[in-house]
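Below, all heavy atoms of this structure are taken into account, side chains as well, without hydrogens, waters or symmetry copies.
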Number of protein chains: 2
Amino acid sequence: MCWRRHHPSGQEQSSSTVLLSGFVSRTKILPDGKKQITQIHLPGDFVDLQSFSLKVLDHDIVGLSDCDLALVSHSALRHITEAHPHLTRVYWFLTNVDAAANREWEVWLGQRSALAWVASLFCELNIRLGLVGLKDDGGFDLPLTQTDLADCLGLTSVHVNRTLRELRERSLVTFRAGRVAIQDWEGLRSIAEYDPTYLYLDRRADR
Amino acid sequence: MCWRRHHPSGQEQSSSTVLLSGFVSRTKILPDGKKQITQIHLPGDFVDLQSFSLKVLDHDIVGLSDCDLALVSHSALRHITEAHPHLTRVYWFLTNVDAAANREWEVWLGQRSALAWVASLFCELNIRLGLVGLKDDGGFDLPLTQTDLADCLGLTSVHVNRTLRELRERSLVTFRAGRVAIQDWEGLRSIAEYDPTYLYLDRRADR
DNA sequence: CGTAACTTTGAAATAGCTCAAAAATTGTGG
DNA sequence: CCACAATTTTTGAGCTATTTCAAAGTTACG
């Protein structure tokens with residue numbers, strides 16, 4: 001399956017989605033048309049596990065690139081979780097890790113400069129893509145436009161552009177043609193003051 | 001029990017906390033001392049249910065007033081959830097509702113003006129306090145300082161002060177001496193463009 | 001009644017926004 | 001493979017919401 005369409009909020013869902021390839025965002029759209037991306041999902045992510053519990057989504061699922069999805073029906077999820085309580089705890093854990101990332105983004109949205117926020121986002125994506133084997137020495141592919149990035153960061157695309165220029169001029173990272181090329185990982189990490197604790201990387205391995 | 005202290009992040013937890021009276025926040029503190037409150041909890045809230053799953057908190061639990069807490073040990077939670085799978089789903093649902101609020105705050109932090117954000121926060125608290133019988137016709141008690149509010153909104157306390165003045169001058173709401181007095185609920189709601197969908201009020205009732 | 005915490009105000013600085021246009025890139029059909 | 005349209009990126013100039021810094025009021029409280 002392959003799309004770049006809205007999965008609308010406010011509608012009863014009967015299945016959840018696992019992302020197999022490509023990128024999708026969870027996006028909230030305001031009455032005036034402004035958008036906020038609350039999370040970017042990578043291959044391997046359970047994109048809307050929460051709809052199993054909430055049934056109705058409070059946001060849209062928007063494809064950022066072509067992607068392959070697997071649908072898991074809620075009735076299947078119910079059977080799985082009833083038969084294997086252990087898996088219920090695993091899914092619940094995933095929900096919690098997801099929420100931890102939302103909290104971290106709140107901090108970035110509220111407290112950080114544009115430069116630090118962009119740097120942080122690239123740090124997070126670099127680490128998460130590394131977990132699923134989608135980064136290489138030089139960086140990673142990220143098929144977003146600067147406008148997508150702006151919707152994610154709570155900034156204007158104009159300002160994102162200028163911020164990217166600054167990161168480039170400081171020889172930290174270059175974002176061009178859907179690719180993030182990291183020139184100075186330590187420098188990037190340091191300007192972002194990036195601390196991946198909230199990703200619970202060690203505890204994920206337990207599961 | 002009664003405190004106004006930090007419940008530190010980064011430490012192994014063996015119990016979760018239910019708030020019986022008073023207000024607590026979940027707060028993330030940056031290296032430079034800046035703070036972001038990612039959620040305000042009211043009586044009745046399961047404050048750190050996620051520590052049952054994550055074990056280590058990614059943020060601090062900070063009392064905003066004197067409060068009474070009930071501790072539920074993780075071993076007790078494990079027994080409860082093993083004996084009653086239905087309750088596991090309830091807890092998981094609560095985790096999801098919690099996360100939905102974090103996402104909504106991301107939108108507010110990223111996209112809204114100071115005026116609309118303050119108004120939105122008051123709208124949310126008014127509704128949530130109403131659910132637990134802690135609001136009256138005129139408004140509700142909120143024992144926070146303007147600095148607390150600033151940490152929550154991602155603004156300076158100076159700017160929060162000026163924004164509160166504007167809301168007061170527009171005869172929408174007055175925040176003084178730990179009390180939010182709502183003069184014009186419809187006006188407040190409208191300037192906030194407040195939509196409580198993300199609170200999943202209807203679905204909570206099912207449980 | 002004195003001290004600490006909190007609120008209010010003013011003035012100047014700035015990060016990020018808006019508007020508008022030009023340049024570059026990407027995609028498409030012929 | 002080219003030409004053209006659409007999308008995306010880049011830049012400039014002026015503007016505004018919010019911050020910073022600093023000081024004066026006010027309130028709470030031991």
Here the salt bridge (charged side-chain N to carboxylate O under 4.0 Å, His left out) pairs for residues 137-146 of chain A, sequence neighbours left out, are D141(A)-R179(A)
With sequence neighbours left out, the residues meeting salt bridge (Lys or Arg N to Asp or Glu O under 4.0 Å) with D151(A) are none
Shorter than 3.5 Å, N or O on both sides, protein versus nucleotides 15-18 of chain D: list them out with atom names.
from	atom 1	to	atom 2	distance (Å)
dT18(D)	OP1	A114(B)	N	3.1
dT18(D)	OP2	H159(B)	NE2	3.2
dT18(D)	O5'	H159(B)	NE2	3.4

Distance col, row F46(B):CZ vs L94(B):CG, nearest 0.5 angstrom, shows 8.5 Å
- Any chance the side chains of D148(B) and T145(B) put a donor and an acceptor closer than 3.5 Å? yes
Contacts of Y194(B) meeting side chain to side chain donor-acceptor pair (under 3.5 Å) (sequence neighbours excluded), chain-then-number -> Y198(B)
Residues passing the salt bridge (Lys or Arg N to Asp or Glu O under 4.0 Å) test with R103(B), sequence neighbours excluded, are D58(A)
Residue pairs meeting salt bridge (charged side-chain N to carboxylate O under 4.0 Å, His left out), one or both in residues 192-201 of chain B, sequence neighbours left out, come to R112(B)-E193(B)
R168(A) atom CZ is separated from dT9(D) atom P, nearest whole Å, by 11 Å
For E106(B), the salt bridge (Lys or Arg N to Asp or Glu O under 4.0 Å) test, sequence neighbours excluded, returns none
L153(B) atom CG is separated from dT19(D) atom P, nearest whole Å, by 10 Å
Set out, line by line, the N/O atom pairs under 3.5 Å between protein and nucleotides 11-14 of chain C.
from	atom 1	to	atom 2	distance (Å)
dA11(C)	N6	R162(B)	NH2	3.0

Across all chains, not counting sequence neighbours, the salt bridge (Lys or Arg N to Asp or Glu O under 4.0 Å) partners of E186(A) are none
Quick tally for nucleotides 23-30 of chain D: nucleotides whose base has a protein heavy atom under 4.0 Å get B, sugar-phosphate-only ones S, the rest -, giving ----S---
Atom CZ of R179(A) and atom C1' of dT8(D) are separated, to the nearest Å, by 20 Å
Applying side chain to side chain donor-acceptor pair (under 3.5 Å) to S113(A) and not counting sequence neighbours gives none
key: Distance-only donor-acceptor check, side chains T38(A) and W105(A), under 3.5 Å   = no
Between CD of Q146(A) and P of dC17(C) the distance, given in whole Å, is 14 Å
Next on the checklist: Just N and O in the side chain of N161(B): are any of them under 4.0 Å from OP1 or OP2 of dT7(C)?
Outcome noted: no
In short, the helix from dC1(C)-dG30(D) to dG30(C)-dC1(D) is bent end to end, axes from five pairs each side, to 10°, by 50°
Is a donor from one side chain sitting under 3.5 angstrom from an acceptor on the other, for T95(B) and T95(A)?
no
When rounded to whole Å, the NZ to C1' distance for the pair K34(B) and dT20(D) reads 11 Å
Correct closest heavy-atom pair for S171(B) and D184(B) would be O-CB, 3.5 Å
L164(A) CG to dG16(C) P, in whole Å, measures 13 Å
